[in-house]
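Note sheet for the following structure.
Every number for a ligand or one of its atoms is a count from 1 in the order of the listing.
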Amino acid sequence: MPPSRSLFGIVSLAIMGVLLFMMFNTSGRGAKVNLEQFVTYAKNAQLEEGSVVIHSNSVVARTSMTTPDGRPPGPIYVPFNSATRDNTVKTVAEVTKNKYKAEEDSLAPTLLMFLGLPLLMIMLVWFLISRGLRSAGGAGGVLGNFGKSRHRTLNKEMTGVTFSDVAGIDEAKDEVQEIIEFLKNPKKFTKLGGRIPRGVLLVGEPGCGKTLLAKAIAGEADVPFFSISGSDFVEMFVGVGASRVRDLFKQAKDSAPCIIFLDEIDAVGRRRGSGFSSGGHDEREQTLNAILVEMDGFAPADGVIVIAATNRADVLDPALVRPGRFDRQVVVPLPDLKGRLEILRVHAKKVKLADDVDLEKVARGTATFSGADLAAIINEAAIGATMANKDAIEHTDLEEARDKIKFGRSKRSRIREKDENRLVAYHEAGHAVLQVLLKDCDPLHKVTIIPRGNFGGATFSLPAKDRTGYAQRWLSATIRMACGGRLAEERVSGDVTSGAQQDILQVTNIARAMVMEWGMSPRLGFVRYAPIDSKESFLGERDFSNETARLIDEEVRRIVDEAYADARRMLDEHWPQVEAVAEALLKYETLSAEEVERLMRGETISKPSASDQIRAEERRRNLQQVVEQLDKSQTELPPGASAATA
Ligand code: ADP
Ligand code: ZN
């Protein structure tokens, strides 16, 4: 650490200390009373023996019992100024019969206040200027070590977090399993020639457990965990972020195998060269470049895994997600019903719950809550129960905490109402049913109404293979599938929503490309019409006639309209199936492809849903009550009557 910095630290600490002391000192004087009250206390012998002290601007004393005006025993003071000083001192001397101490206040705190504050300001200004100088003048100089030494934002820790602390995101856990194996024994892996990703991108809403998952990976593999947040990189002065990156990777390599966790990677990793360049822009770009260079610079055998987290994978610079960098994406979704129950259980282990607590009920009432929200519910409930002097958290505490958090959240994020949920369910069911019906589509993987990013829900497909080109049949089927959401919405509610925005975009893009790039429109033939848009040049001018432009528009419209009509026909034919899937979605939130297919065959699925369990429980309880009443009535009524009841 450069001497200037440690000096700065010590001086500012000292001054802070003195200021704090002074603050405490004043508040320690106790309750303010006027001179008459003081005289009354003294006359009633309610002042502690020998506690009266006259300071430079106040008289301080302690009352020894509760005073007639209801003041509890404790310190009191009577302020005076230069005008009232003589009178006050005289009165005090009289009523205490001269049993008081006179004490001049030490000048030191006041002096420090007057000298120290300006000194602190000067040092602060000097500190800021020297930082600016350093970054402007490049490396070297007295403060040349600056970027290196400032690592308060970088944490190295052995996390001790394990997979048992992470609940409800089993798929993500599965996907990172091999990374743990690798970290446990990097040599073994590289010997066999296995390709381990250097970088893993965790994508998910805030609070879904990305940090937690990264920590758990480190904990499971028992390796150190270095973490730094993207927003920490974005410094005011150019060059610091980049030098921190270099330093971070160097430190990490020294303690390999280990994990580097870059939180909020989008803060530095946004697409470059788009938009206007602002002050922080260059800094961002330099930092991003440093990350890219460092990631290219180490070999897989080094045993360093870089995990980055973001909630917007779509805004990241393509360079970041290129092979050899963050080429593996793991989605950390909002938890579904079952996941929420598991997360609640994990966090409930740390607190004491009363018998009446029904976590399943809480899980049911917390759709669209993240893991962090659920953890907060337990925490809030614990605080609430403590405030109410309860021995354990009761169910009402949880309900109250949920409403509190829901209310707090609803301002910033979408809480869906029942009707909206229904629309999303039908929208996704429309997609899913078509995806199953259309044999040329990618097979359905799963469908969910749990929101992710800007999407209300999602229907996932499982491509049989990585696609390098598109067949026309696949494209036609995909367009039809994309139309299904809006159509189902419209049919169930008679209204449409903006939820189909992405679908419309996808359909338009495909149809335009079919016509303008892929020669799939007979009327326009085997010709390219799309502008040439590459890194080097943008030939935005169209080189075809107005006549052709109209033809293109017509063809795009025709392709889409045909698909839309087709999709409508299919949905009309299979509407009961759409209904079955939508209702199941409302109940289970997420359905696998297999479950969708069973529903479409008219079968019911008997997934043990949390709400089913709750209902079964209630039924059992009711039954028990009936039986008990029967027992009672049997003892009270003659045998004939009871037989009739049974
Ligand atoms: P992110 O990094 O995605 O914003 P965090 O990992 O920081 O979210 O999550 C914040 C907190 O929320 C965690 O410390 C944990 O207490 C709780 N949490 C979030 N997701 C889960 C989960 N899947 N299981 C258990 N706890 C979770
Ligand atoms: Zn859709």
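- At a cut-off of 3.5 Å, with distance as the only test, no side-chain donor of Y588 or E583 sits close to an acceptor on the other residue.
- Using cut-offs of 30° and 60° for the angle between ring planes, the Y470 and W518 rings count as tilted.
- Counting non-hydrogen atoms of neighbouring residues, nucleotides and ligands closer than 6.0 angstrom, the CZ atom of R512 reaches no more than 12 such neighbours.
- When each atom of ligand 1 is checked for a heavy atom of A167 under 4.0 Å away, the hits are 22 (C), 23 (N), 24 (N), 25 (C).
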Exercise. Between H431 and Q435, is a side-chain hydrogen bond (donor to acceptor under 3.5 Å, both in side chains) present by the stated rule, with each step listed?
Worked result: CA-CA 6 Å; H431 286 312; Q435 190 150 20; over 6 Å; no

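- Looking only at protein heavy atoms, the nearest one to atom 4 (O) of ligand 1 is G207 N, 2.7 Å.
- Which of D165, V346, V161, L202 comes nearest to atom 25 (C) of ligand 1 through a heavy atom is settled by distance: it is D165.
- When all heavy atoms are compared, the tightest approach of P335 to R340 is O-NH1, 3.3 Å.
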Problem set entry | Audit row: R558, E555, salt bridge (Lys or Arg N to Asp or Glu O under 4.0 Å) steps and yes/no | CA-CA 5 Å; R558 179 187 60 82; E555 279 297 277; 2.9 Å; yes

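- Distances from atom 17 (C) of ligand 1 to the heavy atoms of A214, G371, G168, A216 put G371 nearest.
- Only the side chain of H347 comes within 4.0 Å of ligand 1, counting heavy atoms alone; its backbone N, CA, C and O stay farther away.
- R557 CZ: 12 or fewer foreign heavy atoms inside a 6.0 Å radius.
- In this structure, the protein non-hydrogen atom closest to atom 10 (C) of ligand 1 is A372 CB, 3.9 Å.
- Not one N, O or S atom of E428 sits under 2.8 Å from the Zn ion (ligand 2).
- Within a 6.0 Å sphere centred on CD of E517, other residues, nucleotides and ligands contribute more than 12 heavy atoms.
- Scanning all protein heavy atoms for the shortest distance to atom 2 (O) of ligand 1 gives T211 OG1, 2.5 Å.
- Take the N/O/S atoms of H431: the one nearest the Zn ion (ligand 2) is NE2.
- For residues 479-491, the pairs satisfying side-chain hydrogen bond (donor to acceptor under 3.5 Å, both in side chains) are H427-E489, R480-D566, E489-T497, R491-D572, with sequence neighbours left out.
- For atom 6 (O) of ligand 1, the closest non-hydrogen atom on the protein side is L212 N, 2.8 Å.
- For the pairing with K446, the salt bridge (charged side-chain N to carboxylate O under 4.0 Å, His left out) check across E597, E594, E428, E171 returns one residue only, E171.
- Annotation for ligand 1: atoms under 4.0 Å from non-hydrogen atoms of I343 are 22 (C), 23 (N), 24 (N), 25 (C).
- For the ligand labelled ligand 1, residue P206 lies inside the 4.0 Å heavy-atom shell.
- Between V166 and ligand 1, no N or O atom pair is found at a separation short of 3.5 Å.
- Polar contact with ligand 1: absent for D263 (N/O pair, distance under 3.5 Å).
- The nearest N/O/S atom of D503 to the Zn ion (ligand 2) is OD2.
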